Enquirer: 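Before we start, here is the structure in question, set down as C-alpha cells.
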Amino acid sequence: MFNTYDVIVVGAGHAGCEAAAAAANLGSQTLLVTMSLQNIAQMSCNPAMGGIAKGQIVREIDALGGYSGIVSDKTAIQFKMLNKSKGPAMWSPRVQSDRMRFSEEWRLMLERTPNLDFYQEMVSGLIINNGKVEGIRTSLGIEIKAKSVVLTNGTFLNGLIHIGDKQFGGGRAGESAAYGITEDLLKAGFEAGRMKTGTPPRVDGRSLDYSKMNEEAGDIRPDKFSYSDETKPLVHQRLCHMTYTSLDVHDILREGFDRSPMFNGRIKSLGPRYCPSIEDKINRFADKERHQLFIEPEGWDTCEVYVNGFSTSLPEDIQFKALRSVVGFEKVKFFRPGYAIEYDYFPPTQLKHTLETKLVDGLYFAGQINGTTGYEEAASQGLMAGINAALKVQEREAMILKRDEAYIGVLIDDLITKGTEEPYRMFTSRAEYRTLLRQDNADARLTPKAFELGLVSEKRMRRMEEKFAASDAMVSFFKETSLTVAETNPILEEKGSAPIVQADKMFKVFSRPQIELKDFLKFEKVAAYVAENNLDREVLEQAEIQVKYSGYIEKERNNADKLTRLEDMKIPIDFDYNKIKSMSIEAKQKLTKIQPITISQASRISGVSPSDISVLLIHMGR
C-alpha cells in the first residue's frame with residue numbers, strides 16, 4: 001500500500017505543514033499524516049500571525065523558503081507593525097488572519113508541492129529498532145516505513161479538555177486526542193511531562209455593540225510578511241476593536257473559582273506565563289480594576305469573533321454571565337465557550353540542535369511536543385526539523401542556525417540547552433543580538449543559506465542582493481555627499497535639532513535622532529537620488545536603519561564575533577565530565593545530561609558557572 005518514505009511528518013498543524021513542505025522541497029519523498037485533512041494548519045487559538053518577536057520569526061521562515069509568510073499575506077485581513085515608536089530591532093509585524101482561508105491556502109500550497117503525499121488517520125505508535133526509527137503504526141494497524149520521522153503532535157498527545165468541572169479527551173474542540181505515541185516514547189527511554197494551554201470563547205459578532213468599543217485599525221500604509229513578489233500588501237482592511245473588563249466582571253468570574261479546574265486541583269500542569277487565563281489574571285493581579293479585551297474578527301465574511309484576553313476554563317455559565325457584563329457585550333451570543341487543554345510534551349533537552357532526538361536516530365520533534373507555545377515558534381521548529389530530516393536522509397550536512405543568525409537559532413538553543421517547564425514563548429529580550437536580528441533583514445541573514453540548500457529560487461536570491469546593494473549604495477551616497485548650512489538648518493530647526501555651523505556630510509546629519517526618513521526626502525539632493533535610482537520603501541528604510549543604528553550594529557556584531565570563537569571550541573562526544581574533580585557537582589550533572597557540543601553552549605546551561613567553564617577549558621588544553 002505504501003512505499004518507504006524518506007520523511008514522514010506526523011501532524012498537520014503549523015509545525016507539520018512547514019516540516020512537510022521543507023522536506024519535500026528538498027527533494028525527499030515525504031508523507032504528511034494527520035487525523036483530519038480538513039483541519040490542516042488550523043488556527044486553534046487566535047486568528048493572527050506574528051507579533052512581538054513572533055513577527056521576526058515569520059520573516060525568518062519566509063527568508064528560508066517556508067510558507068507561513070506567504071499564506072499569512074494571502075489571507076490577511078489587517079496588518080500592523082508593532083513597536084514602531086521604538087528602534088527597528090523591536091519592530092514586529094503582525095497580521096489578523098481569515099481563519100478559514102488560512103487553512104485552505106495552506107492545504108492548496110501543500111497540494112501543489114512536489115514529492116508530498118497525504119494520508120488521513122491517527123498515528124498510534126512508532127516503529128523503533130536498535131535505537132533507530134523505521135516508521136509509524138496507525139490506529140488501523142497499518143505500518144508505514146520511513147528513513148526519518150518528524151513528530152509535530154501539538155496538543156493532541158493524550159489531550160484532556162477542561163471546562164469548569166467537566167473534562168473529556170480531545171486534541172482541541174471537536175477533535176479526538178491521539179493515544180499511543182507517548183507510551184512508545186516512554187518505552188524508548190524518553191522523559192515526558194504535561195503542559196496546559198487555553199483559549200477564549202468565540203462569540204457572534206452580530207450580537208456585539210461596537211459603538212461602545214474603541215476602534216483598532218491597521219496601519220495606514222500596510223506592509224506584508226513575505227519578501228517574495230508572490231504577495232501584495234493589503235488594500236482594504238477589517239477593523240478590530242477593544243473593550244475592558246471591570247470589577248463587576250471580576251466578581252462574577254470569582255463566583256466560579258470553586259468549579260475552576262485551575263484552582264480546584266484538576267489541572268496540575270503549568271500554562272503559558274505570558275498568556276494567562278482571565279481567572280489567572282484577576283487572581284494574580286487583584287489590584288487591577290480592568291483588563292483589555294481585543295475583539296478580533298475571524299475572517300472577511302464570517303460573523304464569528306475571537307475575544308482575545310479572555311482565555312478561560314471556567315464553567316460555561318460563568319463565562320457567559322461575565323462576558324454579558326463587559327461593555328459592548330450586553331447581548332452577546334456564544335458560538336462556543338472557552339476551555340483549557342492539558343497535553344503531553346517531552347523536555348527538549350533530549351534533542352540535538354537539529355531537533356533530532358538524542359535517544360532515537362532519525363526521529364525529530366517540533367512544536368508543542370517540545371514545550372513551546374504559539375504558531376510561529378511551532379512553524380519555525382517544523383521548518384528546521386523538516387530540513388534536517390531531509391538532509392540526514394540525503395547524507396548532507398545538517399543546518400543549524402546560531403544565536404546571532406536568527407531568532408530561530410535563539411529559540412532552538414534555549415530549548416535544548418535550558419529546557420522549559422512552562423510553555424516557552426519567544427520575546428525580543430531573549431535574543432542578546434536583537435539589533436542584528438531585525439525583521440527587515442531576515443532575507444539578508446538567511447536567504448543565502450536557503451539558496452545554497454535549494455529552498456529558494458535564484459530570482460529571490462537576486463532580488464535580495466539587489467535590495468541590499470541599493471541600500472548600501474545609498475548609504476555610501478550619504479557618506480560622500482555634503483549639505484550646506486543654508487539647505488540644512490531650516491529643516492533642523494523645524495525638527496528642534498541644533499543647527500550646523502558649516503557644511504557637513506549627509507550621513508552625520510541624518511544620524512541625529514530627531515531626523516526621520518521623511519526628513520531625508522525633504523533635501524533636493526536626496527529626492528533626486530531616490531527618483532533617479534527608482535528606490536522603493538524597503539530600500540529607503542534599510543538605508544535609514546544603516547545610517548541611524550550603524551554604531552549599535554557594529555558593536556553587536558563585534559560581540560557576536562567574540563562568542564563565535566567559543567562556538568568553534570567543540571567538546572568531544574561522550575566527554576566524561578565526572579573525571580574533572582574541580583568542577584561543581586551541579587555542573588557535572590547538567591553537562592552530562594545535556595551533552596553540549598560547544599563551550600559556548602555549555603556556558604549557557606543553567607547551573608554551569610564561569611568558573612566551571614574555565615576548569616573545562618583548562619582540562620581540554622585551552
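Keep in mind it's a predicted model, so treat the numbers as computed, not measured. Only heavy atoms go into these numbers, but all of them, side chains included; no hydrogens, no water, no symmetry mates.
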Enquirer: State, yes or no, whether a side-chain contact exists between Leu157 and Phe346 at a heavy-atom distance under 4.5 Å.
Expert: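 Sidechains of Phe346 and Leu157: in contact.
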
Enquirer: Under 6.0 Å from the ring centre and within 45 degrees of the ring axis: does the NZ or CZ of Arg59 meet both conditions for the six-membered ring of Tyr227?
Expert: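 Pair Arg59/Tyr227 counts as cation-pi.
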
Enquirer: Check whether NZ of the Lys or CZ of the Arg Lys86 lies under 6.0 Å from the centre of the six-membered ring of Trp91 and within 45 degrees of that ring's axis.
Expert: no

Enquirer: Classify the ring geometry of Phe520 against Phe510: parallel below 30°, tilted from 30° to 60°, perpendicular beyond 60°.
Expert: parallel

Enquirer: Quick one: do the Gln542 and Glu538 side chains pair a donor with an acceptor below 3.5 Å?
Expert: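 Judged by distance alone, the side chains do not pair up.
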
Enquirer: Hey, are Asp612 and Ser584 close enough side-chain-wise for a donor-acceptor pair under 3.5 Å?
Expert: yes

Enquirer: Please report whether the ring centroid of Tyr67 lies less than 6.0 Å from that of His14.
Expert: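 His14 vs Tyr67: aromatic centres not under 6.0 Å.
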
Enquirer: Is it true that atom CZ of Arg221 has more than 12 heavy atoms of other residues, nucleotides or ligands lying nearer than 6.0 Å?
Expert: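 Result for CZ/Arg221: open.
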
Enquirer: Assess the side chains of Gln96 and Glu296: does a donor N or O sit below 3.5 Å from an acceptor N or O?
Expert: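 Their side chains do contain a donor-acceptor pair, which is all the 3.5 Å distance test asks for.
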
Enquirer: If you draw a 6.0 Å radius around NZ in Lys132, do more than 12 non-hydrogen atoms from other residues or ligands fall strictly inside?
Expert: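 Counting neighbours around NZ of Lys132, more than 12 heavy atoms of other residues, nucleotides or ligands fall under 6.0 Å, so yes.
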
Enquirer: State, without any angle test, whether Asp98 and Thr75 hold a side-chain donor-acceptor pair at a distance under 3.5 Å.
Expert: no

Enquirer: Within the 3.5 Å criterion, strictly below it, is a donor on Ser92 or Gln439 matched to an acceptor on the partner's side chain?
Expert: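 Result is no, nothing qualifies.
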
Enquirer: To the nearest 0.5 Å, tell me how far Ile599 CD1 sits from Leu616 CG.
Expert: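 Here the rounded value is 4.0 Å.
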
Enquirer: Show the nearest heavy-atom pair for residues Tyr407 and Phe427, with the distance to one decimal.
Expert: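 Taking Tyr407 first and Phe427 second, the nearest heavy atoms are CE2-O, 3.9 Å.
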
Enquirer: Flag the pair Cys45 / Tyr375 as yes when at least one side-chain heavy-atom distance between them is below 4.5 Å, and no otherwise.
Expert: yes

Enquirer: Does the side chain of Val9 reach to within under 4.5 Å of the side chain of Val33, using non-hydrogen atoms?
Expert: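 With C-beta onward as the side chain, the pair stays apart.
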
Enquirer: Going by atom types alone, do Ser611 and Ser609 pair a side-chain donor with an acceptor below 3.5 Å?
Expert: yes

Enquirer: Check the side chains of Asn153 and Tyr345 for a donor-acceptor pair under 3.5 angstrom, ignoring hydrogens and angles.
Expert: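 Judged by distance alone, the side chains do not pair up.
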
Enquirer: Could you tell me whether the side chain of Lys459 reaches within less than 4.5 Å of the side chain of Asp229, counting heavy atoms only?
Expert: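 The answer is yes, as the side chains (C-beta and beyond) meet within the 4.5 Å cut-off.
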
Enquirer: What's the separation between atom CG in Leu401 and atom CG in Asp413, rounded to the nearest 0.5 Å?
Expert: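 Answer rounded to 0.5 Å: 11.0 Å.
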
Enquirer: Work out which heavy atom in Ala560 is nearest to a heavy atom in Leu436; give both atom names and the distance.
Expert: CB-CD1, 4.2 Å

Enquirer: Return yes when atom OH of Tyr552 has more than 12 non-hydrogen atoms of other residues, nucleotides or ligands closer than 6.0 Å, and no otherwise.
Expert: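 Check fails, neighbour count at 12 or below.
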
Enquirer: Scan side-chain atoms only and decide if Ser471 and Gln546 contain a donor-acceptor pair under the 3.5 Å cut-off.
Expert: no

Enquirer: Looking at Pro222 and Asp219, what are the two nearest heavy atoms and their distance?
Expert: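 Heavy atoms only, the tightest pair is CD-O, 3.5 Å.
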
Enquirer: Applying the salt bridge (charged side-chain N to carboxylate O under 4.0 Å, His left out) test to Glu465, which of Lys467, Arg463, Arg462 qualifies?
Expert: Arg462

Enquirer: Ignoring hydrogens, what is the shortest heavy-atom contact between Asn388 and Thr354? Give both atom names and the distance.
Expert: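 Asn388 and Thr354 have their closest heavy atoms at ND2-O, 3.4 Å.
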
Enquirer: Indicate whether the side chain of Lys224 and that of Thr231 have a donor and an acceptor atom separated by less than 3.5 Å.
Expert: yes

Enquirer: When you measure from the centre of the six-membered ring of Phe507, is the NZ or CZ of Lys479 under 6.0 Å away and within 45° of the axis?
Expert: yes

Enquirer: Does the Lys NZ or Arg CZ of Arg430 fall within the cation-pi geometry relative to Tyr424 - under 6.0 Å from the ring centre and within 45° of the axis?
Expert: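 Yes, cation above the ring, under 6.0 Å and within 45°.
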
Enquirer: Would you sort out whether Phe190 and Phe365 count as a ring-ring contact (aromatic ring centres under 6.0 Å, His included), showing the intermediate values?
Expert: CA-CA 12 Å; Phe190 286 90; Phe365 292 172; 5.6 Å; yes

Enquirer: Hey, is CD on Glu111 packed in by over 12 heavy atoms from elsewhere, all under 6.0 Å?
Expert: yes

Enquirer: With a 4.5 Å limit on heavy-atom distance, are the side chains of Lys548 and Ser511 in contact?
Expert: no

Enquirer: Is it true that Thr435 and Glu556 share a donor-acceptor pair across their side chains at a distance under 3.5 Å?
Expert: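 The answer is yes; a qualifying pair exists.
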
Enquirer: Does a side chain donor of either Ser28 or Gln394 reach within less than 3.5 Å of an acceptor in the other side chain?
Expert: yes

Enquirer: How long is the gap from NZ on Lys74 to CZ on Phe102, to the nearest 0.5 Å?
Expert: 12.5 Å

Enquirer: Go through it in stages, so that I can follow the logic: the residues are Ser103 and Arg107, the test is side-chain hydrogen bond (donor to acceptor under 3.5 Å, both in side chains), and I'd like the CA-CA distance, side-chain angles, deciding distance and then a yes or no.
Expert: CA-CA 6 Å; Ser103 181; Arg107 175 163 177 169; over 6 Å; no

Enquirer: Can a side-chain donor-acceptor contact be found between Glu376 and Ser68 if the only test is distance below 3.5 angstrom?
Expert: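 Looking only at side-chain atoms, Glu376 and Ser68 do not form any donor-acceptor pair under 3.5 Å.
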
Enquirer: How about Arg557 and Asp404: do any of their side-chain heavy atoms sit closer than 4.5 Å?
Expert: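 Sidechains of Asp404 and Arg557: in contact.
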
Enquirer: Got Arg604 and Ser600 here, is their nearest side-chain heavy-atom distance under 4.5 Å?
Expert: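 Yes, at least one pair of side-chain atoms sits under 4.5 Å.
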
Enquirer: Do Thr417 and Pro596 have side chains that approach each other closer than 4.5 Å (heavy atoms only, starting at C-beta)?
Expert: no

